[in-house]
Amino acid sequence: HVQLVESGGGSVPAGGSHRLSCTTSRDVFEANCMGWFRQVPGKAREGVAVIYTSGGWTYYSDSVKDRFTISQDNDKNTIYLQMNTLSPDDTGMYYCAAKDGLGCRPFRPQYISDFTNWGQGTQVTVS
């Protein structure tokens, strides 16, 4: 059973910064795609930021580009989402996700189905 443990959600003032963390096991973390996805009521879950943990590429949605940064700590099997200049439009449930198996293709929004392992989600509210 794959476990993805998220932390860091909360209420943040508009214009502020916040960081989310997601920790998993070594075999899930290594040489894999992991990412952060956001969902708001009535809308489909969307990819916000995705990283290939062996290096080489990251993906950001247009709505967060230049404001959010996805990073990783290989010693802790953890990915982070640093969120800056937050706006109320960033409010939502943030999910950490990973695909099964080694390797992954550079992310596009339609590839969300590649991700079959999901965390429980952490709420971020910006006001």
Side chain to side chain, [X] and [Y], heavy atoms closer than 4.5 Å:
{"X": "Glu6", "Y": "Leu20", "result": "no"}
{"X": "Cys22", "Y": "Tyr95", "result": "no"}
{"X": "Phe29", "Y": "Asn74", "result": "yes"}
{"X": "Cys104", "Y": "Trp57", "result": "yes"}
{"X": "Tyr111", "Y": "Val50", "result": "no"}
{"X": "Thr69", "Y": "Tyr60", "result": "yes"}

Do [X] and [Y] share a hydrophobic cluster, counting only Ile, Leu, Val, Met, Phe, Trp and Tyr and linking them when any side-chain heavy atoms are less than 4.5 Å apart?
{"X": "Phe68", "Y": "Ile51", "result": "yes"}
{"X": "Met93", "Y": "Ile79", "result": "no"}
{"X": "Leu86", "Y": "Val48", "result": "yes"}
{"X": "Ile70", "Y": "Met83", "result": "yes"}

Identify the two heavy atoms, one from [X] and one from [Y], that lie closest to each other, and give their separation to 0.1 Å.
{"X": "Leu81", "Y": "Ala49", "value": "CD1-CB, 3.8 Å"}
{"X": "Gln120", "Y": "Leu4", "value": "OE1-O, 3.5 Å"}
{"X": "Ala31", "Y": "Tyr52", "value": "C-CE1, 3.8 Å"}
{"X": "His18", "Y": "Gly9", "value": "NE2-C, 3.9 Å"}

Before giving the answer on side-chain hydrogen bond (donor to acceptor under 3.5 Å, both in side chains), spell out for Thr91 and Thr125 the whole-Å C-alpha distance, their side-chain angles and the decisive distance to 0.1 Å. CA-CA 5 Å; Thr91 294; Thr125 302; 5.3 Å; no
Using a 3.5 Å cut-off and no angle test, enumerate the donor-acceptor pairs between side-chain atoms of residues 32-40 and protein atoms at least two apart in sequence or in another chain.
{"unit_1": "Asn32", "atom_1": "ND2", "unit_2": "Val28", "atom_2": "O", "d": "2.9"}
{"unit_1": "Asn32", "atom_1": "ND2", "unit_2": "Lys99", "atom_2": "O", "d": "2.8"}
{"unit_1": "Arg38", "atom_1": "NE", "unit_2": "Glu46", "atom_2": "OE2", "d": "3.3"}
{"unit_1": "Arg38", "atom_1": "NH1", "unit_2": "Asp90", "atom_2": "OD1", "d": "3.1"}
{"unit_1": "Arg38", "atom_1": "NH1", "unit_2": "Tyr94", "atom_2": "OH", "d": "2.9"}
{"unit_1": "Arg38", "atom_1": "NH2", "unit_2": "Glu46", "atom_2": "OE2", "d": "3.1"}
{"unit_1": "Arg38", "atom_1": "NH2", "unit_2": "Ser63", "atom_2": "OG", "d": "3.4"}
{"unit_1": "Gln39", "atom_1": "OE1", "unit_2": "Arg45", "atom_2": "NE", "d": "3.1"}
{"unit_1": "Gln39", "atom_1": "OE1", "unit_2": "Arg45", "atom_2": "NH2", "d": "3.2"}
{"unit_1": "Gln39", "atom_1": "NE2", "unit_2": "Lys43", "atom_2": "O", "d": "3.3"}

Count the heavy atoms of every other residue, nucleotide or ligand shown that sit under 6.0 Å from CD of Gln3, and state whether that count exceeds 12. no
Go through the steps for Asn77 and Thr24 under the test side-chain hydrogen bond (donor to acceptor under 3.5 Å, both in side chains), then give the verdict. CA-CA 6 Å; Asn77 303 327; Thr24 188; over 6 Å; no
